[in-house]
Amino acid sequence: SQINPHVLFNNLNTIYSYALEKPNETPELILRLSDNLKHVLYESNAKKISLQKEVQFIDNYMTFQELRTEGVNTIVYSKNIENEKNQIAPLLLITIIENAFKHSSLNSEIIVSIFEKKGVLECICENDFIEKGHDLNEFKIGLQNLEKRLQLLYSDNYELTISQNSKFKVYLKLNLI
């Protein structure tokens with residue numbers, strides 16, 4: 001339940017750049033950062049929160065990533081949530097999504113998809129990565145912690161698949177009901 005300090009640093013740098021270049025858009029970015037900090041500091045202590053709150057946190061994070069990597073990476077973000085009132089343990093999805101950005105190569109594509117239908121949530125992240133010098137285990141530290149947390153919270157009501165071919169892909173299927 002901690003925010004990566006590097007993510008906070010990147011978000012503040014993005015806001016600073018916008019304050020200089022696009023000052024009219026800066027207040028909205030400050031509100032998004034404020035919402036995300038509130039989510040991490042207060043709402044993440046709850047056992048479960050609404051899917052709406054968790055997805056809003058992801059939306060804000062993705063906005064910052066799209067601004068930060070504009071002209072460098074292509075980001076494809078899609079979501080379709082049938083019932084935003086379903087409950088989820090907080091900060092589960094961000095580990096997968098942060099991992100895609102952290103380990104993606106420059107001038108590449110990062111795909112983030114979040115779908116929920118009939119109480120089943122699917123989160124899929126794919127990213128290009130630099131093959132030289134990387135192995136699957138290097139990407140897995142945060143993902144291993146995520147899997148331990150999923151096992152504790154969701155027992156046998158989830159599926160987590162990690163694969164590395166031409167892209168690094170993480171697939172999470174979670175029964176929310």
Side-chain angles (χ1 to χ4, degrees), residues 1-15 27-69 75-104 110-127 139-162 168-177:
S1 67
Q2 297 176 346
I3 192 164
N4 184 332
H6 192 70
V7 171
L8 181 58
F9 178 73
N10 286 340
N11 289 350
L12 288 170
N13 279 333
T14 300
I15 291 171
E28 176 66 26
L29 293 177
I30 293 170
L31 282 176
R32 286 179 183 270
L33 179 60
S34 175
D35 285 347
N36 275 11
L37 289 174
K38 182 178 114 186
H39 185 79
V40 170
L41 293 173
Y42 302 113
E43 294 168 355
S44 67
N45 292 324
K47 188 173 180 176
K48 291 194 176 178
I49 61 170
S50 72
L51 192 52
Q52 176 189 12
K53 287 182 180 179
E54 190 69 6
V55 170
Q56 181 61 49
F57 173 74
I58 298 299
D59 287 347
N60 287 342
Y61 177 84
M62 293 300 293
T63 295
F64 277 103
Q65 291 302 322
E66 288 167 350
L67 294 173
R68 190 178 71 78
T69 64
I75 298 172
V76 180
Y77 176 47
S78 59
K79 65 179 180 175
N80 187 2
I81 308 298
E82 185 178 85
N83 186 352
E84 292 182 329
K85 293 180 183 178
N86 279 330
Q87 300 283 299
I88 186 171
L91 303 177
L92 281 179
L93 306 180
I94 194 65
T95 301
I96 299 168
I97 296 167
E98 277 183 346
N99 200 61
F101 284 95
K102 182 179 177 183
H103 297 291
S104 66
I110 301 166
I111 302 169
V112 177
S113 304
I114 302 171
F115 303 102
E116 181 276 332
K117 187 173 183 177
K118 296 182 180 178
V120 177
L121 178 84
E122 292 180 273
C123 179
I124 305 140
C125 289
E126 293 182 69
N127 61 282
F139 294 100
K140 290 179 85 174
I141 295 169
L143 297 175
Q144 287 171 342
N145 290 336
L146 172 65
E147 186 152 27
K148 289 176 188 174
R149 192 166 170 228
L150 286 166
Q151 187 59 45
L152 287 170
L153 297 172
Y154 290 94
S155 190
D156 295 325
N157 290 312
Y158 77 94
E159 176 186 337
L160 180 65
T161 306
I162 303 165
F168 188 83
K169 181 178 180 179
V170 178
Y171 170 80
L172 173 64
K173 182 177 180 181
L174 186 62
N175 294 321
L176 300 175
I177 302 175

Treating [X] as the side-chain partner and [Y] as the backbone partner, does any N or O pair qualify as donor plus acceptor under 3.5 Å?
X      : Y      : answer
Ser155 : Gln151 : no
Glu159 : Leu174 : no
Asn83  : Lys85  : yes
Glu126 : Lys169 : no

Sub-4.5 Å side-chain heavy-atom contact between [X] and [Y]:
X      : Y      : answer
Phe101 : Ile110 : yes
Tyr154 : Leu92  : yes
Glu82  : Phe115 : no
Glu122 : Leu172 : no
Asn99  : His103 : yes
Pro90  : Glu54  : yes
Val76  : Val112 : no
Ile96  : Tyr171 : no

Q) Between Ile81 and Val55, does a side-chain contact (heavy atoms from CB on, under 4.5 Å) hold up when you go through it step by step? A) CA-CA 9 Å; Ile81 308 298; Val55 170; 4.1 Å; yes
State, to 0.1 Å, how close [X] and [Y] come at their nearest heavy-atom pair, and which atoms those are.
X      : Y     : result
Gly119 : Asn86 : CA-ND2, 3.7 Å
Leu153 : Ala89 : CD1-CB, 3.5 Å
Asn45  : Leu41 : ND2-O, 3.1 Å

Q. Hey, mind stepping through Ile114 and Ile58 against side-chain contact (heavy atoms from CB on, under 4.5 Å) and telling me if it holds?
A. CA-CA 10 Å; Ile114 302 171; Ile58 298 299; 3.8 Å; yes
Measuring from [X]:[atom1] to [Y]:[atom2], what's the distance to the nearest 0.5 Å?
X      : Y      : atom1 : atom2 : value
Lys118 : Leu176 : NZ    : CG    : 15.0 Å
Asp156 : Leu150 : CG    : CG    : 11.5 Å
Asn60  : Gln65  : CG    : CD    : 12.0 Å
Lys173 : Leu160 : NZ    : CG    : 13.5 Å
Glu116 : Ile88  : CD    : CD1   : 9.5 Å
Ile162 : Phe168 : CD1   : CZ    : 5.5 Å

Q) Is the closest basic N to carboxylate O distance between Asp59 and Lys79 below 4.0 Å? A) yes
**Q.** Pair Ile111-Tyr77, side-chain contact (heavy atoms from CB on, under 4.5 Å): steps then yes or no
**A.** CA-CA 6 Å; Ile111 302 169; Tyr77 176 47; over 6 Å; no
Q | Within 6.0 angstrom of Lys38 NZ, more than 12 heavy atoms from elsewhere | A | no
Q: Dump the intermediate steps for side-chain hydrogen bond (donor to acceptor under 3.5 Å, both in side chains) on Thr14 and Arg68, then the final yes or no.
A: CA-CA 6 Å; Thr14 300; Arg68 190 178 71 78; 5.6 Å; no
**Q.** Residues Glu98, Tyr61; criterion side-chain contact (heavy atoms from CB on, under 4.5 Å); working and verdict
**A.** CA-CA 9 Å; Glu98 277 183 346; Tyr61 177 84; 3.4 Å; yes
Q: Assign the ring pair Phe57 / His39 to parallel, tilted or perpendicular, where the plane angle (0 to 90°) is split at 30° and 60°.
A: parallel
